[in-house]
Each structure stands twice: as C-alpha cells, then as structure tokens.
Amino acid sequence: MDIILYHNPRCSKSRQTLQLIQEHGVNPTVVEYLKKPPSHQQLDSLLRGLSMEPRDLMRTKEAEYSELGLDNPDLSRDQLIDAMISTPKLIERPILIVGDEIAIGRPPENVLSILP
C-alpha cells in the first residue's frame, strides 16, 4: 500500500506529523510539495478524497492569497486548483495519503485514524 506525505520540512506541524507517523512504524514516501507540487489531477483527487473545495485546503492568511485575488468568488474550482499548483505555499499541510484514505495533519494526531 502506498503511503505518501505531502510535507514541508520548514513547517512545525508537518515535522510533528512525520515524526508521529514514524513513531507508529510507518515510513511514508515524503513529497516536498513546495519543490514538487501535485498535478492538477492529483490535487483535484485529494480535494475530492477530503470532501473539500479548493479554498478549504488553502492557506488564506498567506499574503499570496490576497495578492493573487484568490478571494474573488467568481474564480472557478479549476482556477483555484491551478493557483495552488503555481503557488504551492498556499496548500495546507501536511497531507497524508494511505491507500484511498486522506487526512490533514492539523493537528498532527488527525493522521492516526488512517494509519495501517
């Protein structure tokens, strides 16, 4: 079973989540999404798996959110996903994928429910 963690090593919650996963004997494939953002299809699939819309997974307090006008209600789902890919800093992290299950590590303990 594939276990993937979308991770930002500079984020304390992301580091805590990775440590927690490893303490439970799981070594995920770590994807530093700032260096290698998910594709449009991958991000759309993550959102659907989380039953979220793009803004639900966006870091709306980041300066880029307002600078890019992402608060505009007329923007489509695809436009918002594209903005998250072009500015991956806007993607909430960390995100753990275990098979077909997905959890956001905020707080880090959220991921425990999907660990094998």
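Contact annotation: the side chain of Thr17 never approaches that of Leu20 to less than 4.5 Å [non-hydrogen atoms, C-beta and beyond].
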Val98/Asp2 under side chain to side chain contact (heavy atoms under 4.5 Å, CB included): CA gap, chis, key distance, verdict: CA-CA 6 Å; Val98 178; Asp2 286 338; over 6 Å; no

Checking Glu92 against Arg106 for the side chain to side chain contact (heavy atoms under 4.5 Å, CB included) test, could you report, in this order, the C-alpha distance in whole Å, the side-chain angles of both residues, the deciding distance, and whether it holds? CA-CA 9 Å; Glu92 188 61 78; Arg106 291 206 168 250; 2.7 Å; yes

I'd like to know whether Arg55 forms a salt bridge (Lys or Arg N to Asp or Glu O under 4.0 Å) with Asp71, so could you lay out the CA-CA distance, the side-chain angles of the two residues, the decisive distance to 0.1 Å, and finally the verdict. CA-CA 9 Å; Arg55 282 192 184 91; Asp71 54 349; over 6 Å; no

For a side chain to side chain contact (heavy atoms under 4.5 Å, CB included) check, start with the C-alpha distance between Ile97 and Ile3, then their side-chain angles and the critical distance, and finish with the verdict. CA-CA 6 Å; Ile97 305 165; Ile3 301 175; over 6 Å; no

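Cluster membership check: Leu18 does not share its hydrophobic cluster with Ile102, using side-chain heavy-atom separations under 4.5 Å among Ile, Leu, Val, Met, Phe, Trp and Tyr. Following chains of ILVMFWY side-chain contacts shorter than 4.5 Å, one can reach Leu50 starting from Ile81, so the two form part of one hydrophobic cluster.
The heavy-atom pair separating Leu34 from Pro88 by the smallest distance is CD2-C, 3.8 Å. For the pair Leu75 and Gln79, the tightest heavy-atom approach, listed with the atom from each and the gap, is CA-OE1, 3.2 Å.
In this structure, NZ in Lys13 is found 14.5 Å from NE2 in His7, a value given to the nearest 0.5 Å. The OG atom of Ser39 sits 8.0 Å away from the CG atom of Leu43 when rounded to the nearest 0.5 Å. Here the OH-OG1 distance, from Tyr6 to Thr29, works out to 10.5 Å after rounding to the nearest 0.5 Å. The distance from atom CD1 of Ile95 to atom CZ of Arg93, rounded to the nearest 0.5 Å, is 10.5 Å.
Residues satisfying the salt bridge (charged side-chain N to carboxylate O under 4.0 Å, His left out) test with Lys35, not counting sequence neighbours, are Glu32.
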